[in-house]
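Following: one structure in structure tokens, then a few remarks.
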Amino acid sequence: MNDDGTTEGEAIRDFIREAIRADLSAGRHETVVTRFPPEPNGYLHIGHAKSICLNFGIAREFAGRCHLRFDDTNPTKEEQEYIDAIQADVRWLGFDWGTHLYHASDYFERLYAWAERLIGDGKAYVDDLSADEIREYRGTLTEPGRESPFRNRPPEQSLDLFRRMRAGEFPDGARVLRAKIDMASGNINLRDPVLYRILHAHHPRTGDAWCIYPTYDYAHGQSDAIEGITHSLCTLEFEDHRPLYDWLIENLPVPSRPRQYEFSRLNLTHTVLSKRRLVQLVREGHVGGWDDPRMPTISGFRRRGVPAAAIRDFISRLAITKSDSTIEIAMLDHCIREMLNKTAERRMAVLRPLKVVIENYPEGKKEELEAVNHPERPDVGTRRVPFSREIYIEREDFMEDPPKKFFRLAPGREVRLRFAYFITCRDVVKNAAGEVVELRCTYDPETRGGNAPDGRKVKATIHWVDAEKSIPAEVRQYGHLFGRPDPGAGGDYLADIDPQSLETLAGCRLEPSLADAAVGEAVQFERLGYFCADPDTAPGRPVFNRTIGLRDSWAKAAAKG
RNA sequence: UGGGGCGUGGCCAAGCGGUAAGGCAACGGGUUUUGAUCCCGUGAUCCCAGGUUCGAUUCCUGGCGCCCCAGCCA
């Protein structure tokens, strides 16, 4: 099975790929060329991953190519930091644009020349109206717009003005270049859309070479045509722009005629995916940064320990359609767990330690027990875990007065220590406040490795670490950033941030083999979940992030009562 | 009384006139040295109303509902 969910020879079917097959078999194209066109005004998130997987995936399936093109037409919002991060994220996701790295700004000179041509053809004009006036003249959704008084000025005059706009003679907002289409169109995008605006701003790539910049509508389709893009895939909100996209292609001497197709964007429960909101979360410090593990950004997932393959698998299960949809976050969680279950090695770690003294275990005795690294993959081998008279177990694996369905340790009860021995709880030691601070247990030497020669069973197996040899660590447990599936539905989405989405635990104890875990590499802490070392890890000071917890039917049952 | 889309089980989604795939979730049950994994099993007549047809989720008509568009953002 490939990680796009298909098996060898099985073609993915959706309306876009069907259209491509039709174009290919009709001979309209020989090769398929797609492009992923991010605007460098923020970090990539999982919604972008859908577009990336679609565009690069199609290029791969049809033996074509996919370009990475920065849609850098608005210097007031774009930054080099984003340009760099976007490239790193696309690569990390597993895609390669080869030599096809482009920028809309690479085409500024050509776009400008075509704009002059449009003016000469009487198909564009310089408008002196202010932004507010243009809005008034535009009309409303139900009323047609009115023509600007400058609409029919002579082409020579528009041309002169346009050249002076470029020359920097006018301040921001003084004039714009507009296409002359139809002020009465039901499609507002056709009511003489703005093609160029004056922006005295420094551009990350062109510096101060320009003070007029093309709008998205003008730059995008022409960039597609210049690059020979055959299928320009974008999200539904651009559907209304297609007539304009086509109008420009038809009225300009572009080298090719790309076609635009629209599909629905990804929505996910328990998170937000709008650039505006993600920027706000970062700028206002509601999260630690773009790569905060609770962020739905590619860099956030990476830091959290989510493998790129899990993201690709998730995307492959999505359908490319035109219907609005919101995917339950449980779907993503499932893909992460499934991937990690197959790949992550197992280790033991105790997050909330409770000391256990095994009274009949000889003082000073130490031994090492063999533990498998992956129960379903013997080839991954085994490791040795130190064991002695004093160990730590998880606090929540002991209850002094357990309900009937609780199978773990309790006074007088016997359980198995994973890979070690059966132990029985004999005594509970409490502090002055009445809190349990230590357990006194006995072990059965005959059960070494975890099986009783007499065949007796225990109802639970719990994890543990050696008190002396285990290493201290900080563990950050991450949950979904928002407590409700539809953040913002109640008004302010910021109010829906779950204050417990990050729980930092100090004083956790890890089995010694975790001392040299590689940053970002996933491991399963048995019975707890998947974790990986965070970049904040310092020598002798490990910091682990919880990528995702294991499914926990006990917690679910306990919650129900 | 503008234009563009969409409407199949809780969430996605196949289906392209012949009698409703699959995934996730939920709920049962089995296996298990992770209450994990794994394995079984359980649910819809397809927004509504007419019409065409031997037969419609698939075609037609009319409703209803939801989403997007009035940035010199993308």
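Chain letters run A, B, ... following the sequence lines, proteins first, then strands; residues in each count from 1.
Comment: A:Glu414 engages A:Arg456 in a salt bridge, judged by a side-chain N to carboxylate O separation of less than 4.0 angstrom. Taking 4.0 Å as the cut-off between side-chain N and carboxylate O, A:Arg205 and A:Glu78 do not count as a salt-bridged pair. Between A:Glu39 and A:Lys77 there is no salt bridge, since no side-chain nitrogen of the basic residue lies less than 4.0 Å from a carboxylate oxygen of the acidic one. By the 4.0 Å N-to-carboxylate-O rule, A:Arg317 lies close enough to A:Glu338 to be salt-bridged with it. The pair A:Arg383-A:Glu345 does not count as a salt bridge, with every side-chain nitrogen at least 4.0 angstrom from each carboxylate oxygen. With salt bridges taken as basic N to acidic carboxylate O contacts below 4.0 Å, one links A:Glu262 and A:Arg242.
The A:Ser553 side chain lies nearest to B:rG35 when the options are B:rA25, B:rG35, B:rC12. Taking the side chain of A:Asn74 as heavy atoms from C-beta on, and the options B:rC73, B:rC24, B:rC6, the nearest nucleotide is B:rC73. Here B:rC27 is the nucleotide among B:rC27, B:rC24, B:rC6 with the atom lying nearest to any side-chain atom of A:Lys556. Comparing B:rU37, B:rC12, B:rC6 against the side chain of A:Arg551 picks out B:rU37 as the nearest. When the nucleotides B:rC24, B:rG4, B:rA13 are ranked by their closest atom to the side chain of A:Ser325, B:rA13 comes out on top.
When the P atom of B:rG5 is taken as reference, atom CG of A:Asn187 falls 10 Å away, rounded to whole Å. Rounded to whole angstrom, the span from the CD1 atom of A:Ile329 across to the P atom of B:rC11 amounts to 16 Å. To the nearest angstrom, P of B:rA25 lies 13 Å from NE2 of A:His270. Atom C1' of nucleotide B:rC67 and atom CZ of A:Phe263 are separated by 16 Å, given to the nearest angstrom. The CG-P distance, from A:Asp324 to B:rC6, rounds to 10 Å in whole Å. When rounded to the nearest whole Å, the span between OH of A:Tyr213 and P of B:rA74 equals 12 Å. A:Asp240 has its CG atom 4 Å from the C1' atom of B:rG4, to the nearest Å. In this entry the distance linking CD1 of A:Ile327 with C1' of B:rG22 reads 14 Å, nearest Å.
A donor-acceptor contact closer than 3.5 angstrom links the side chains of A:Arg35 and A:Ser232. Checking A:His463 against A:Glu526 by side-chain atom types alone, no donor-acceptor pair falls below 3.5 Å. No hydrogens or angles considered: a donor-acceptor pair under 3.5 Å links the side chains of A:Tyr245 and A:Asp224. For A:Arg416 and A:Thr447, the side-chain atoms include no donor-acceptor pair closer than 3.5 Å.
Distances shown here put a side-chain N or O of A:Ser323 below 4.0 Å from the OP1 or OP2 atom of B:rA13. Phosphate proximity of B:rU34 to A:His463: absent, as no side-chain N or O sits under 4.0 Å from OP1 or OP2.
Both tests do not hold together for A:Arg509 against A:Tyr392: distance to the six-membered ring centre under 6.0 Å, angle to the ring axis within 45°.
Here the side chains of A:Arg448 and A:Phe387 are not in contact, with every heavy-atom distance at 4.5 Å or above.
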Tabulate atom names and distances for all N/O pairs under 3.5 angstrom spanning the protein and nucleotides 70-72 of chain B.
unit_1 : atom_1 : unit_2   : atom_2 : d
B:rA70 : O2'    : A:Arg138 : NE     : 3.2
B:rG71 : OP2    : A:Arg135 : NE     : 3.2
B:rG71 : OP2    : A:Arg138 : NH2    : 3.1
B:rC72 : OP1    : A:Arg138 : NH2    : 3.1
B:rC72 : OP2    : A:Arg138 : NH1    : 3.2
B:rC72 : N3     : A:Gly173 : O      : 3.4
B:rC72 : N4     : A:Leu129 : O      : 3.1
B:rC72 : N4     : A:Ala131 : N      : 2.9
B:rC72 : N4     : A:Gly173 : O      : 3.0

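Contacts of A:Glu376 with the nucleic acid, taken as non-hydrogen atoms under 4.0 Å apart, include base atoms. Looking at heavy-atom distances under 4.0 Å, A:Asn451 makes contact with a base. Among the atoms of the strands shown, none is found under 4.0 Å from any heavy atom of A:Pro38. Using a 4.0 Å heavy-atom criterion, one finds that A:Thr269 contacts no nucleic acid atom at all. Heavy atoms of A:Lys342 sit nowhere under 4.0 angstrom from any nucleic acid atom. Within the 4.0 angstrom heavy-atom criterion, base atoms lie near A:Phe406. A:Glu526 comes within 4.0 angstrom of a base, heavy atoms only. If you check every strand for non-hydrogen atoms under 4.0 Å, A:Thr76 touches nothing.
With a cut-off of 3.5 Å on both pairing distances, the Watson-Crick and G-U wobble pairs of RNA chain B assemble into stems of 3 or more at B:2-7 with B:64-69, B:10-12 with B:22-24, B:26-30 with B:38-42, B:47-51 with B:59-63.
Remark: A:Arg418, A:Phe419 in residues 418-425 of chain A come within less than 4.0 Å of RNA chain B through at least one heavy atom.
Comparing B:rG71 with B:rU58, their P atoms sit 39 Å apart, to the nearest whole Å. Using P as the reference atom, B:rC54 and B:rG28 are 49 Å apart when rounded to the nearest Å.
By the stacking rule of 5.5 Å between ring centres and under 30° between planes, A:Trp554 stacks on the base of B:rG35.
Using bins of under 30°, 30° to 60° and over 60° for the plane-to-plane angle, the ring pair A:His103/A:Phe70 lands in the parallel bin.
Taking syn as a glycosidic angle within 90° of 0, B:rG5 does not qualify and is anti.
One donor-acceptor pair, N or O on each side, does fall under 3.5 Å between the base of B:rU34 and the side chain of A:Arg346. The base of B:rG5 does not come close enough to the side chain of A:Glu262 for any donor and acceptor atom to sit less than 3.5 Å apart. At a cut-off of 3.5 angstrom, counting only N and O atoms as typed in the model, there is a donor on one side and an acceptor on the other between the side-chain of A:Gln524 and the base of B:rU34. The base of B:rA74 sits with one of its N or O atoms less than 3.5 Å from a complementary donor or acceptor on the side chain of A:His241.
Looking at which nucleotide of RNA chain B each of A:His220 and A:Thr321 is closest to, the 5′-most match is held by A:Thr321. Across the interface with RNA chain B, nearest-nucleotide mapping of A:Arg191 and A:Pro375 shows A:Arg191 to be the residue nearer the 5′ end.
For the salt bridge (charged side-chain N to carboxylate O under 4.0 Å, His left out) with A:Asp397, the qualifying choice from A:Arg413, A:Arg527, A:Arg418 is A:Arg527, the only one to do so. If you run ring pair (Phe, Tyr, Trp, His ring centres under 6.0 Å) between A:Phe108 and each of A:Trp114, A:Tyr196, A:Tyr213, only A:Tyr213 comes through.
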